[in-house]
Amino acid sequence: MPVAKQTEISPAEGKLGVLLVGLGAVSTTFIAGVEAIKKGFAKPIGSLTQMGTIRLGKRTDNRVPLIKDFLPLAQLKDLVFGAWDIFPESAYDAALNAGVLEKELLAQLKEPLRKIKPMQAVFDQSYVKRLSGTNVKTGKTKFDLAQQLIDEIAQWKKKNKCSRVVMIWAASTEVFLKTHPVHKTLETFEKAMKENHKAIAPSMIYAYAALKSGIPFANGAPNLTVDIPALMTLADKNRLAICGKDFKTGQTLMKTIIAPGLKSRMLGLHGWYSTNILGNRDGEVLDDPDSFKTKEESKLSVLEYILQPEVYPDLYKDFSHVVRINYYPPRGDNKEGWDNIDIFGWLGYPMQIKIDFLCRDSILAAPIVLDLALFLDLAQRSGMKGVQEWLSFYFKSPQTAPGLYPEHDIFIQLMKLKNTLRHLRGEDLITHLGLEYYD
Ligand SMILES: NC(=O)c1ccc[n+]([C@@H]2O[C@H](COP(=O)([O-])OP(=O)(O)OC[C@H]3O[C@@H](n4cnc5c(N)ncnc54)[C@H](O)[C@@H]3O)[C@@H](O)[C@H]2O)c1
């Protein structure tokens, strides 16, 4: 039984619009997956909101509901999808191009997928050098483009009869940008948009438009995007939930599973060499050194934070960490990630771990998109505003409050996520102390 005050959560009534920036491999695999699940062709494997349970109360209480029964999440039947892309193809053609899902499955989903035609993108090739497309908005200034997006979002919401909307960036990784003085306040940010300042990337224009439209925003790529003071302030001011950055799939998922285990047993690390071969469009974009730099920063920080070399110098001082991504077209979306991990144990004796993860990038990312859409909507209906650190579980480079280091350990992230859900429902938080069983 709930012991504390429950948070008031408004009901998930009506349709939830999911606006996706980018209609590529991840977005189409997500949409097609939801449609397939709705038709009963498949189960929502990999989705915590759909398959996960949550323990409540004591271990002896036997209260373990499904998360989706414990909280008023939007239902899959109520999701409506919209997208922007620089290519005009429908979700059906884009899914065929992405080559993640089998043609036979897509043929059965043709009708709903064909209806999703991408709106014209806000795009500038200087931020994604390897891409060019025709389905692009024109406008005199970045501010003008943001206004176009705001109008378009309002029309889309009305046309699709949505009561609520969330926006998720699943578009290509932009070139590496550092926080710039124009990102500091909303005033400097808006002025910079009007002056077409180069520190304002297209992803920031979408995030601004979402926040101005009262829509929560998640960033699935490593770009700065909503992780700047101006937009964090705007989210706070408009009481909107935001989170990012970079969906945690593949190699980094493995890293955040294995590194906490090594550290928990006080095993040392000499080095961790990671390399990937990847042949999809994401791989092609990341073949550009400026886009790769954004990804590399996101991937590299994980081990430093988990292993804490400053706290454990004997185990982790000066370990070498290298990450490579090589574009190799024959593999398509089926990435291969190799890890060579040089560890050491008792008396400093060296050992090695080798991982060869034959993964499917978008298959790992699609359930994350679903969970983020549903949890962001839940956060919004629960009055949670600003950075949603409890959603760190889904990100390689979790966004936090200023001055706070990110938590990368996936087990701590999961505990934080589930305790947040318990807290929302006024249930006891679970600390795993368990002394009461031995009284
Ligand atoms: N698949 C994964 O496991 C994974 C994990 C972490 C992060 N990501 C990130 O998610 C994003 C999507 O990955 P993907 O595999 O679907 O890539 P993709 O290349 O298949 O799709 C990205 C789409 O975004 C479009 N696009 C680019 N700039 C745009 C803009 N300004 N506005 C609208 N559309 C734009 C492109 O035309 C493309 O269709 C990438 O940034 C990738 O790095 C993916």
Side-chain angles (χ1 to χ4, degrees), residues 19-32 46 82-91 93-101 118-137 142 145 148-149 152 167-175 200-207 209 218-223 225 244-254 276 278-288 291-292 294-299 302 325 327 332-335 337 357 359-369 372 394-397:
L19 280 175
L20 299 154
V21 189
L23 190 58
V26 172
S27 294
T28 55
T29 306
F30 156 63
I31 300 172
W84 291 272
D85 206 290
I86 65 169
F87 300 111
E89 284 84 28
S90 73
D93 292 310
L96 280 176
N97 280 343
V100 179
L101 300 175
M119 298 175 268
Q120 284 184 336
V122 171
F123 182 75
D124 178 340
Q125 208 187 5
S126 22
Y127 299 85
V128 185
K129 305 222 171 91
R130 296 283 154 100
L131 287 187
S132 65
T134 53
N135 196 39
V136 175
K137 285 187 178 26
K142 296 184 178 186
L145 290 167
Q148 290 185 37
L149 282 176
E152 194 166 50
M167 190 188 291
I168 300 181
W169 175 273
S172 312
T173 300
E174 294 174 331
V175 296
I200 311 284
S203 63
M204 294 174 188
I205 303 176
Y206 285 99
N219 179 13
N223 333 306
T225 313
K245 310 181 292 259
D246 208 5
F247 302 133
K248 176 149 89 176
T249 58
Q251 202 163 49
T252 311
L253 172 66
M254 284 298 141
N276 300 271
L278 174 65
N280 60 13
R281 188 177 282 146
D282 187 30
E284 192 179 351
V285 167
L286 294 173
D287 210 35
D288 168 55
S291 284
F292 176 67
T294 317
K295 198 59 140 185
E296 189 185 28
E297 292 276 321
S298 168
K299 281 172 163 268
V302 169
I325 299 179
Y327 177 51
D333 198 65
N334 297 348
K335 182 160 85 179
F357 189 12
C359 73
R360 292 173 188 262
D361 251 7
S362 303
I363 294 293
L364 291 168
I368 298 185
V369 182
L372 284 173
Y394 294 107
F395 295 109
K396 280 195 194 76
S397 201

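In listed order, ligands and their atoms are each counted from 1.
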Which heavy atom of V302 sits nearest a heavy atom of K396, and at what distance? CG2-O, 3.6 Å

Please tell me whether W84 and Y206 form a close aromatic pair, meaning their ring centres lie under 6.0 Å apart. yes

Using side-chain hydrogen bond (donor to acceptor under 3.5 Å, both in side chains) as the criterion, list what pairs up with [X], not counting sequence neighbours.
X: S362; value: D333
X: S291; value: none
X: Y127; value: K142

Mind listing the N or O contacts between ligand 1 and protein, cut-off under 3.5 Å?
from, atom 1, to, atom 2, distance (Å)
ligand 1, 3 (O), T249, OG1, 2.7
ligand 1, 3 (O), D361, O, 3.1
ligand 1, 3 (O), D361, OD1, 3.4
ligand 1, 16 (O), A25, N, 3.1
ligand 1, 16 (O), V26, N, 2.8
ligand 1, 20 (O), A25, N, 2.8
ligand 1, 24 (O), S172, N, 3.4
ligand 1, 31 (N), V122, O, 2.9
ligand 1, 32 (N), Y206, OH, 2.9
ligand 1, 37 (O), D85, OD1, 2.7
ligand 1, 39 (O), D85, OD1, 3.3
ligand 1, 39 (O), D85, OD2, 2.7
ligand 1, 39 (O), R281, NH1, 3.3
ligand 1, 41 (O), A171, O, 2.7
ligand 1, 41 (O), T173, N, 3.1
ligand 1, 41 (O), T173, OG1, 3.0
ligand 1, 43 (O), T173, OG1, 2.9
ligand 1, 43 (O), D282, OD1, 3.0
ligand 1, 43 (O), D282, OD2, 3.4
ligand 1, 43 (O), K295, NZ, 3.0

Any chance CZ of R130 has more than 12 other-residue heavy atoms, nucleotides or ligands included, within less than 6.0 Å? yes

